[in-house]
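Chain letters run A, B, ... following the sequence lines, proteins first and then strands; every chain starts at 1. What you see is a predicted model; the values in this text were computed from it and never measured.
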Amino acid sequence: MLDVKKLRADPNEIAQLLLVKGFTLDVPLYQGMEEQRRVLQQETEQLQAERNAKSKLIGQAKAQGQDITPLLAQVGDLGERLESAKQKFTQVQADLQSFLQAIPNTPHDSVPAGKDEDDNVEMSRWGNLPAFNFSPKDHVDLTDQGAMDFDVAAKISGARFVVMHGQLARLHRALTQFMLDTHTQQHGYQEVYVPYIVNAESLYGTGQLPKFAHDQFRVESENEAYLISTAEVPVTNLYRNEIINIADLPIKHVCHTPCFRSEAGSYGRDTRGIIRQHQFEKVELVQLVHPSESWRALDELTNHAQAILKALELPYRTVNLCGGDLGFAAAKTTDLEVWLPGQDRYREISSCSNYVDFQARRMQARYRSGPSAKPELVHTINGSGLAVGRTLVAVLENYQDGEGKIAVPDVLRGYMGNATHLELP
RNA sequence: GGAGGGGUGGCUGAGUGGUCGAAAGCACUGGUCUUGAAAACCAGCGAGGGUAAAACCUUCCAGGGUUCGAAUCCCUGCCCCUCCGCCA
């Protein structure tokens, strides 16, 4: 959620910023609601003050043993007037609230204008593209003897699921372990284990709700509950309604979870392979930092994610997302895109974002800078470090030798029983 | 699944329907004292809105209700704890 004080102060400026994201803020509508709110709030509060004062007098009179009937008469229809004012006020407030909730975060100055992913701006490239003297296969063809089984996955679950066997499943696990070890041992992240089912408040806190309910898997249960679409949700919400001691900042968590996405609205896209699944694994980096640190922290976190790609010697590029491609809650996002020889293009493997105080405000995640200081909102940053399934794809496709064999990246061999090549069925 | 007991400030924990936004303790901050520190003593100290500052409004898990007045009474929900049963 945006800072209402800033919005009140200069809605036109905010509207201007939001245009970069392709969002049109209805300023007159907003100002109308805001004016109504102000008037009704004043009226309601005045009536409340009157009621409180009179009730206090009654209490005092009663304590002194005086007759309170004349005082009771004075109260008259105060209750009814208050009731009706309050009703109108809460209605406007609710309208205003849902209006505000639907406004995306404003983009940072460095976010390029643009409509969709075609307008994203490449910032850097790393690594040399593999020079194959054969026509590289994609990960599906490389594993089509049964290591990666979509048919059996479809039987037991449905489309957009996969079953992986033997060394392939182990490689998948090795990648996860390697990422976790790197981030905890070299980058200073605290590992955390979290639930994979969360309540609606948590999804609201990180911005998936109310606008993006269709992306989530709802769980059939007594309460409104959802499978997590990213570890960002449970991990960031650890600090919902918490006041963090400034000495504990920055908070840096790494968390491995499965992620569940309904992928509604992407029916025709990436139907081949495991690029876009209903269930995939991700190692997520989350930071909660002092507001003055968040842009530095975004850089740092992005570098931490890149370190994995470098260690795996996978060529990649970094991309600055344009306004139109930026997520609802993000102020800025840097995507890492890994080279996939099988697709002959770069594909997203990590998305690193600074949400500044947008999520923190929805969650009331705050820090206190000193004993007598007011709590202030933290800034939240997160990014994949990395998406495990897509990393697996990248390893398979970049490490193929043209004769059906796939080398194990050096840094993973310790996790693979020192195997140099995958033994796939 | 059955039976009970609870949710109060950063934390622990009192609170009879009426000057209760809330005792007390811890923590923290300022001061006195001290060569310095500790201890002791004095003072301050929840959150959101509002104001130049006040006044004022809201807030004792959440949502309803009763009442002139609710932390306190009633209903619903959520969460936690204890015991029994079941269970990886």
Side-chain angles (χ1 to χ4, degrees), chain A residues 1-9 33-101 193-205 209-210 218-226 234 237-249 251 288 290 357-358 360-378:
Chain A
M1 191 139 83
L2 293 176
D3 184 350
V4 284
K5 282 185 185 166
K6 282 187 190 157
L7 193 56
R8 273 179 211 147
M33 283 199 287
E34 185 57 33
E35 175 62 15
Q36 266 190 67
R37 192 220 93 235
R38 205 178 54 77
V39 170
L40 286 167
Q41 182 163 357
Q42 281 175 2
E43 186 185 338
T44 307
E45 289 188 359
Q46 201 188 330
L47 288 167
Q48 279 170 333
E50 205 176 325
R51 180 203 62 191
N52 291 348
K54 294 235 163 88
S55 293
K56 201 170 246 183
L57 283 177
I58 293 174
Q60 283 167 3
K62 215 175 168 187
Q64 290 164 19
Q66 296 169 3
D67 181 18
I68 60 166
T69 39
L71 284 169
L72 282 178
Q74 273 185 36
V75 175
D77 63 345
L78 197 60
E80 281 166 43
R81 284 194 290 150
L82 176 58
E83 194 51 44
S84 102
K86 211 188 221 167
Q87 215 163 42
K88 281 185 265 180
F89 175 51
T90 35
Q91 185 55 51
V92 176
Q93 241 185 344
D95 293 347
L96 198 56
Q97 188 66 13
S98 52
F99 181 83
L100 292 171
Q101 278 174 14
Y193 171 86
V194 294
Y196 304 153
I197 294 177
V198 295
N199 56 32
E201 290 76 51
S202 295
L203 284 165
Y204 171 77
L209 288 182
R218 174 106 189 243
V219 176
E220 195 75 39
S221 77
E222 275 184 67
N223 310 316
E224 191 177 347
Y226 300 84
N237 274 283
L238 292 174
Y239 300 94
R240 173 150 50 91
N241 293 324
E242 298 291 334
I243 297 175
I244 302 162
N245 192 317
I246 193 167
D248 295 330
L249 294 180
I251 288 170
L288 286 84
H290 189 278
D357 59 8
F358 190 85
R361 184 170 297 105
R362 289 164 87 100
M363 285 192 297
Q364 287 299 300
R366 295 169 296 173
Y367 72 96
R368 199 193 292 275
S369 55
S372 52
K374 289 253 176 199
E376 292 176 70
L377 298 167
V378 298

**Audit row: A:R38, A:E34, salt bridge (Lys or Arg N to Asp or Glu O under 4.0 Å) steps and yes/no** = CA-CA 6 Å; A:R38 205 178 54 77; A:E34 185 57 33; over 6 Å; no

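The base-pairing partner of B:rA55, taking Watson-Crick or G-U wobble contacts with both distances under 3.5 Å, does not exist among the strands shown. Nucleotide B:rU29 forms a Watson-Crick or G-U wobble pair with B:rA43, both donor-acceptor distances falling under 3.5 Å. When both pairing distances are held under 3.5 Å, B:rA24 makes a Watson-Crick or G-U pair with B:rU12. With a 3.5 Å ceiling on both atom-pair distances, the Watson-Crick or G-U wobble partner of B:rC83 is B:rG2. With a 3.5 Å ceiling on both atom-pair distances, B:rG69 lacks any Watson-Crick or G-U wobble partner. Across the strands present, B:rU76 finds its partner in B:rA62; the criterion is a Watson-Crick or G-U wobble pair with both atom distances under 3.5 angstrom.
With rounding to whole Å, A:E242 atom CD is found 15 Å from B:rA47 atom P. Between the CD atom of A:Q41 and the P atom of B:rC56 there is a distance of 16 Å, rounded to whole Å. If you measure from atom CZ of A:R362 to atom P of B:rG48, you get 19 Å, rounded to the nearest angstrom. Taking atom CG on A:N245 and atom P on B:rG46, their separation rounds to 17 Å, with Å as the unit. Per the geometry, CD belonging to A:E201 stands 12 Å off P belonging to B:rC78, to the nearest Å. Atom NZ of A:K86 is separated from atom C1' of B:rU59 by 13 Å (rounded to the nearest Å). Between the P atom of B:rG48 and the CG atom of A:N241 lies a distance of 12 Å, rounded to the nearest Å. The CG-P distance, from A:D248 to B:rG10, rounds to 16 Å in whole Å.
Among the protein residues, A:R366 comes within range of the sugar-phosphate backbone only, with heavy atoms under 4.0 Å from sugar or phosphate atoms but none that close to a base. Within the nucleic acid shown, A:R8 comes within 4.0 Å of sugar-phosphate atoms alone, with no base atom in reach, counting heavy atoms only.
For residues 44-52 of chain A, proximity to RNA chain B is found at A:E45, A:Q48, A:A49, A:R51, A:N52, defined as any non-hydrogen atom under 4.0 angstrom from a strand atom.
For the P atoms, the distance from B:rA24 to B:rG31 is 23 Å, rounded to whole Å. If you take atom C1' in B:rG4 and the same atom in B:rG10, they sit 32 Å apart, rounded to whole Å. When the C1' atom is used for both B:rC20 and B:rA52, the distance is 30 Å, rounded to whole Å. Distance noted for atom C1' between B:rA55 and B:rA39: 42 Å (whole Å). For B:rC61 and B:rU72, the P atoms lie 8 Å apart once the distance is rounded to whole Å. On the C1' atoms, B:rG9 is 13 Å away from B:rG25, given to the nearest whole Å. Taking atom P on both B:rG17 and B:rC87, the two are 47 Å apart, rounded to the nearest angstrom. With P as the reference atom, B:rC28 and B:rA37 are 16 Å apart, rounded to whole Å.
A:T44 places none of its side-chain heavy atoms less than 4.5 Å from the side chain of A:Q41. Contact check for A:L203 versus A:V198: side-chain heavy atoms found under the 4.5 Å cut-off. Looking at heavy atoms from C-beta onward, A:Y226 lies out of side-chain contact with A:I197 at the 4.5 angstrom threshold. Using a 4.5 Å cut-off on side-chain heavy atoms (C-beta onward), A:L7 and A:L100 make contact. Between A:R81 and A:E43 the shortest side-chain heavy-atom distance does not fall below 4.5 Å. With contacts defined as side-chain heavy-atom distances shorter than 4.5 Å, the pair A:Y239/A:V378 does not qualify.
The main-chain N or O of A:Y204 is found under 3.5 Å from a side-chain atom of A:R362 such that the two form a donor-acceptor pair. In terms of modelled atom types and a separation under 3.5 Å, the side chain of A:Q364 and the main chain of A:R361 share a donor-acceptor contact. In this structure a side-chain-to-backbone donor-acceptor pair under 3.5 Å is present from A:N237 to A:S202.
With the nearest nucleotide of RNA chain B identified for both A:I243 and A:E83, A:I243 has the one nearer the 5' end.
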Output one line per pair: protein atom, nucleotide atom from nucleotides 13-19 of chain B, and distance, for all N/O pairs under 3.5 Å.
{"from": "B:rG18", "atom 1": "O6", "to": "A:K62", "atom 2": "NZ", "distance (Å)": "3.0"}
{"from": "B:rG18", "atom 1": "N2", "to": "A:S55", "atom 2": "O", "distance (Å)": "2.9"}

Table please: side-chain donor-acceptor pairs of residues 85-94 of chain A below 3.5 Å, with sequence neighbours left out.
{"from": "A:T90", "atom 1": "OG1", "to": "A:K86", "atom 2": "O", "distance (Å)": "2.8"}
{"from": "A:T90", "atom 1": "OG1", "to": "A:Q87", "atom 2": "O", "distance (Å)": "3.0"}
{"from": "A:Q91", "atom 1": "NE2", "to": "A:D95", "atom 2": "OD1", "distance (Å)": "3.0"}

